[in-house]
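Any value given below was found using the heavy atoms of this structure, including those in side chains, with hydrogens, waters and symmetry copies removed. Note that the structure is a prediction, hence the values are computed from the model and not measured.
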There are 2 protein chains.
Amino acid sequence: MTTIDAHAAPERRRRGRPRGQDSAVVRDAALRAAVDLIARQGYSATSMTQVAEAAGISPSGLVHHFPSKAALLGAVLAHRDEIDSDPTEPDGRPWAAYDHLVRVAGLNMRRRGLVMLYTSMIGEAFGPEHPAHEWMMRHYSSVLEVLIEGMRADQERGVVRADAPREMIARSVVALMDGLQVQWLIDESLDMEAMMRIHVDALKTIWGVPRS
Amino acid sequence: MTTIDAHAAPERRRRGRPRGQDSAVVRDAALRAAVDLIARQGYSATSMTQVAEAAGISPSGLVHHFPSKAALLGAVLAHRDEIDSDPTEPDGRPWAAYDHLVRVAGLNMRRRGLVMLYTSMIGEAFGPEHPAHEWMMRHYSSVLEVLIEGMRADQERGVVRADAPREMIARSVVALMDGLQVQWLIDESLDMEAMMRIHVDALKTIWGVPRS
DNA sequence: GTCTATAGAACGATAGAC
DNA sequence: GTCTATCGTTCTATAGAC
């Protein structure tokens, strides 16, 4: 239904207003509260009132910073993407994108909130009318594109077999990652990173071109 | 919070009440409406009023059959488990449980509603206070147990290598299945069954004991 | 067994004082 | 920029007529 632009943070640089809380601080507290609650309960089950309470402001105060619930979700997702953004410049090594995904799996084992937010989002956003639907579609196509394009480059350079089914491999690895995160949320003793590592290493063995 | 016993369907065998709709028929219509709506929107986003409307009865009529929203969800999940139940008697063939999972993947490609219901449930039920939390925990432990136990038997009979890491393999396959279902919901052209087949076949190659 | 009527609370959002 | 006050809706659930 509605597209969610994250309200384009006012970003006013505190021009000598001595009274009251700094706006950016309050906004940030509200955003953190929203991330936490939406991660634990999902978007539908979380109310503006709950978020306001957790942030220590009134519901109306919250509305001032985020004019609607969907706008709040937009900011939450933008925040998530920022944390999860890839600081890795694409080095030219083979399987770089896949190795990166393995590292992300390891990182995620120390970011439970992020994994919960992601998983609950995936679970409720596949309906086209959900305010996070477009975010989810963009997320998948972007992740898959990085993996597929990376492998295409590797094939061009002759380090990966030319007959490797790029899309299928990429989709399998993403599926494995998503599914492991669900199980990890249930049982944190599961070593996502190790399991991803094993899977990716197996891919390298099967589809890699041995160095001559 | 609340445990959800599915209200133990009254099952009264229409003892000569000529007037009005048959109770079981109405109950069934309500259940179907609930399955459809909860699958598409998730549990939290679905209201009793919506379900009643879709079933063609009043909200109070719905409450008569399912005294609370949680009870309705309980019935929905029981219905799901029934449809999804495994009619396969455990034949003694190696990898039987894994082959079965591949077949289920193929079946699911013709049961979109079931996949949606499952996926949205997983996404919102990992919080311990969610009324479907226990269902989800039972689901995972049961699926994993079947796979792990099946492989243990195969190892005992010497058709699977004794050093195969049962739990890790089972968890990977379940994770792959769950993740593929999400992607399939987004793009139905994805062949879940084929991808599961390939993965399981690879497992057989790696961990199977070649016939002498 | 299904309905109308309604309780009682929580919802998202708006208006306007300060 | 944050608040109080409140609108209009929707929610789950109950009580009782038929």
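- For A/Ser60, taking side-chain heavy atoms from C-beta onward, the closest of the listed nucleotides D/dA5, C/dG1, D/dT2 is D/dA5.
- Between the side chains of A/Asp81 and A/Trp135, at least one donor N or O sits under 3.5 Å from an acceptor N or O.
- Within residues 44-58 of chain A, the residues having any heavy atom closer than 4.0 Å to DNA chain D are, in order of number, A/Ile57, A/Ser58.
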Original post:
What's the verdict on side-chain contact (heavy atoms from CB on, under 4.5 Å) for B/Arg171 and A/Asp187, showing C-alpha distance, side-chain angles and the deciding distance?
Top reply: CA-CA 11 Å; B/Arg171 283 186 177 277; A/Asp187 178 2; 3.7 Å; yes
**OP:** May I have the step-by-step check of side-chain contact (heavy atoms from CB on, under 4.5 Å) for B/Asp84 and B/Arg111, ending in yes or no?
**Re:** CA-CA 10 Å; B/Asp84 197 37; B/Arg111 302 188 296 196; 3.4 Å; yes
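- The stretch residues 29-40 of chain B does not touch DNA chain D, since none of its heavy atoms comes less than 4.0 Å from the strand.
- The CE atom of A/Met109 sits 10.0 Å away from atom CG of A/Leu180, with the distance rounded to the nearest 0.5 Å.
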**OP:** Would you sort out whether A/Lys204 and A/Asp99 count as a side-chain contact (heavy atoms from CB on, under 4.5 Å), showing the intermediate values?
**Re:** CA-CA 10 Å; A/Lys204 291 180 184 176; A/Asp99 285 334; 2.9 Å; yes
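- In this structure, CG of B/Leu72 is placed 15 Å from C1' of D/dC11, rounded to the nearest angstrom.
- Atom-to-atom, NE2 of B/His64 to P of C/dT4 comes out at 15 Å; the value is rounded to the nearest Å.
- The side-chain heavy atoms of B/Met192 and B/Leu107, taken from C-beta on, include no pair separated by under 4.5 Å.
- We find the OG-CD1 distance between A/Ser120 and B/Ile122 to be 13.0 Å, quoted to the nearest 0.5 Å.
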Scan nucleotides 16-18 of chain C against the protein and return all N/O pairs shorter than 3.5 Å with their distances rounded to 0.1 Å.
none

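- Here the side chains of A/Arg32 and A/Asp36 are not in contact, with every heavy-atom distance at 4.5 Å or above.
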**OP:** Check the pair B/Tyr98 / B/Val173 against side-chain contact (heavy atoms from CB on, under 4.5 Å), numbers first and verdict last.
**Re:** CA-CA 8 Å; B/Tyr98 285 87; B/Val173 171; 3.6 Å; yes
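- Residue A/Leu62 contributes atom CG, which lies 10 Å from atom P of C/dA13 at whole-angstrom precision.
- For the pair A/Lys69 NZ and D/dT10 P, the computed distance is 15 Å after rounding to whole Å.
- Side chains of A/Asp178 and A/Tyr118: a donor-acceptor N/O pair is present below 3.5 angstrom, by distance only.
- Side-chain polar atoms of B/Gln181 and B/Thr119 form no donor-acceptor pair below 3.5 angstrom.
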